[in-house]
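Let me begin by presenting the structure, written as structure tokens, before commenting on it.
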Amino acid sequence: MRPPPALGDLRAPHFILHTSPTGLPPLSTPTISQRTSHGTTGAVLPGPRTTRALCYQGPALPGPPTTRAPHYQDPVLPGPHTTRTLHYQGPALPEPHTTRAPHYQDPALPGPRTTRAPHYQGPALPGPRTTRAPHYQGPALPEPHTTRALHYQGPPLPGPRTTRAPHYQGPVLPGPHTTRAPYYQSPVLPGPCTTRAPHYQGPNTTRAPYYQSPVLLGPCTTRAPYYQGPVLPEPCATRALHYQSPALPGPRTTRAPHYQDPALPGPHTTRAPYYQDPTLPEPHTTRALHYQGPTLPEPHTTRALHYQGPALPGPRTTRAPHYQDPALPGPHTTRAPYYQDPALPGPRTTRAPYYQGPVLPGPRTTRAPTLPGPHTTSAERFSPPDYFPAMAEVLSEAVGFEQPKVELHVHLDGAIRVQTILDVAKRRGVPLPADTVEGMTQIIIVQEPATLTEFLGKFAEYMHVIAGDREAIKRIAYEFVEDKAKEGVVYVEVRYSPHFLANTQVEPIPWDQEEGDVSPDDVVRLVNEGLKEGEKAFNVQARSILCCMRHMPNWSMTVVELCKKYRREGVVAIDLAGDESLNTDAQSGHRLAYEEAVLSGIHRTVHAGEVGPPSVVKEAVEVLKAERIGHGYRTLEDPALYKQLLDQKMHFEVCPISSKFTGACDPDFTKHPVIRFREDKANYSLNTDDPLIFNSTLNLDYLTAQQHMGFTQEEFQRLNICAAESCFLPEEEKKALLTKLYEAYGMQKSTGF
Ligand SMILES: O=c1[nH]cnc2c1ncn2[C@@H]1O[C@H](CO)[C@@H](O)[C@H]1O
């Protein structure tokens, strides 16, 4: 038997190359004259000059050395001179002259000499010698000879005995045994009996993950994640996550996260996170998260870790936390926290380590945290502030409202015990700037009214200690419930970003962590466990809300999937948190996630109108279908919108102390929007938001409302009943909670508000 020719041996023994007159091989594909020393002729082979396939590498051919041309795949080799096709790697063929298609791997073919072509996807094979499609791995097929190909994408299967596609894991399908294959991609999901994509668990029809049809009708349609199709024709269409086409046609279009094309044409375009091109042409463009480029050329640009807001107006630009360039040019610049350059040029200058206050007014002035006068220095001599407005009230142990309370808006990562941060840091060997509760508290807390952006920077002081540590994550959830019990809370919905506490499967890994093994999914399970154990130990009902983050639209689909996955383990809703001053309109990631939440029956709340304008509230309600609004203070600036929300009994999650320290509201509490809410008998609640960072408690929020805004016990009762009515518990459990409150308040249910 003749061995097959090696790749470098094409001309021998069967090939003759027609070479060019120069003697060199021609540039075009050489003509191959085919010949054989054996004159045998198979039925399908045209003549005696058959040859071996180019690159044939199969086993020795059993018969005489006839062969087929490259890529020849006719399975019906009738006679004794058949051969193997290119790349054949199957098992030994049982009979001398049959052949198998390439990649065919089922050894159990029932009949003699039958075979199917690779990738066969046709209908049921009629006779006893049928076979399965390549790679088919599904369960036993109910009928003896039928089969469906993997990746079946046809219309609904008509009869009761059709099969399920391999890997199908969805819920029970409504019709008798029909199904769609995984990767079903039909855009026309018409009626109530259409099926769900794999993993889909919601009540209504939906599109499959990875849905890619480009023909979405109408101006406001969205594209699926991973959409990579052609340019979208309508102005309001959003771009898919990972969309990378530079040809965005209209003004105000946004770029997908990870978009990195520097040639953004219009004045309103935004840059994606991770954008790192230093040559931003327009004065009002913003810099992306983690921007690390050179000095910014224009006076109004800014840098800030996480800062993504609009251009800062004046020459007092700020530097990002962690910024360490000592060459700060102007008189009003500030130093970043951690700035430690000893070579500060002028007299009396100093920077307290970890200084995070607002822009300092004069040249070279400085303040250690909370030092009262100008030009003072030394963080060591720092003592706790006496101007913190509510501190005296805490010390007096006055209680604003002693009856059972419901809290709906509190961030788990903004409600950690300082002692726990210290303990975990010690156990993990994480250095911290202070090793006492007092010292660390002073570093973490917001000392005076700041901006939301500055406030959000505070999380960076300690999140790296807790994130990625299973024990710590579970512990903070458990301790949180204990703290709420002590505050007289009987039902709480606590929120957090699973991504912010993870150190793997999150892009980018937050808080400068090394990659680890705690995924957002793990985080949710750990928090669920901690809350559950806390519930048992402290007799508080605790549910959770998972946060999408404004600056991370590419996390949002995962967030909604986690909501769906853990809806039976205490996760009740999705939220959108983070810096509202970001230009987020048409951020498809959030929009798609909220669409999915609607379709899946996941409850929805959105941070809106805290520092952002009423349009953000409107968008939250109309586009994201929010059922509650986080904060919502600035709704009052749009009377029509406010009236509409009053009429529809929209719930406002009000956080009085928070609103002062994030700069959301006038620090004068007598001017607080919640007074208007009260007067209008709006549906709202009182909440702490981030008690760690505001150094506050729920009692302090109630005391503030009582002492500075004239709230009565009756109003406290009313707002707690509003909170219970707007909570995200299932109806039955909500009723039980309401009954508990009515009893505690000594009310008949009918006297509700
Ligand atoms: O008042 C707030 N407004 C907007 N975002 C907030 C506020 N408080 C906390 N977070 C953000 O929500 C994340 C998840 O809990 C926190 O890490 C913080 O970044």
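Start at 1 and go down the list; that is how both ligands and their atoms are numbered.
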(message) According to side chain to side chain contact (heavy atoms under 4.5 Å, CB included), who are the partners of A577, at least two apart in sequence or on a separate chain?
(response) H411, C547, M549, D575, H607

(message) So if I only count non-hydrogen atoms and take anything under 4.0 Å from ligand 1, which residues does that give, chain by chain?
(response) H411, D413, L452, F455, L456, F459, Y496, S497, F500, M549, A577, G578, H607, E610, H631, D689, D690

(request) Please determine if D517 and R470 form a salt bridge, counting it only when a charged side-chain N lies under 4.0 Å from a carboxylate O. (result) yes

(request) Assess R678 against F711: is NZ or CZ under 6.0 Å from the centre of the six-membered ring, and within 45 degrees of the ring's axis? (result) yes

(request) Could you check whether the rings of F401 and Y702 sit parallel, tilted or perpendicular, using 30° and 60° as the cut-offs? (result) parallel

(message) Closer than 4.0 angstrom, basic N to acidic O: yes or no for E482 and R417?
(response) yes

(message) Looking at E535 and R543, is there a salt bridge between them, counting it only when a charged N and a carboxylate O are closer than 4.0 Å?
(response) yes

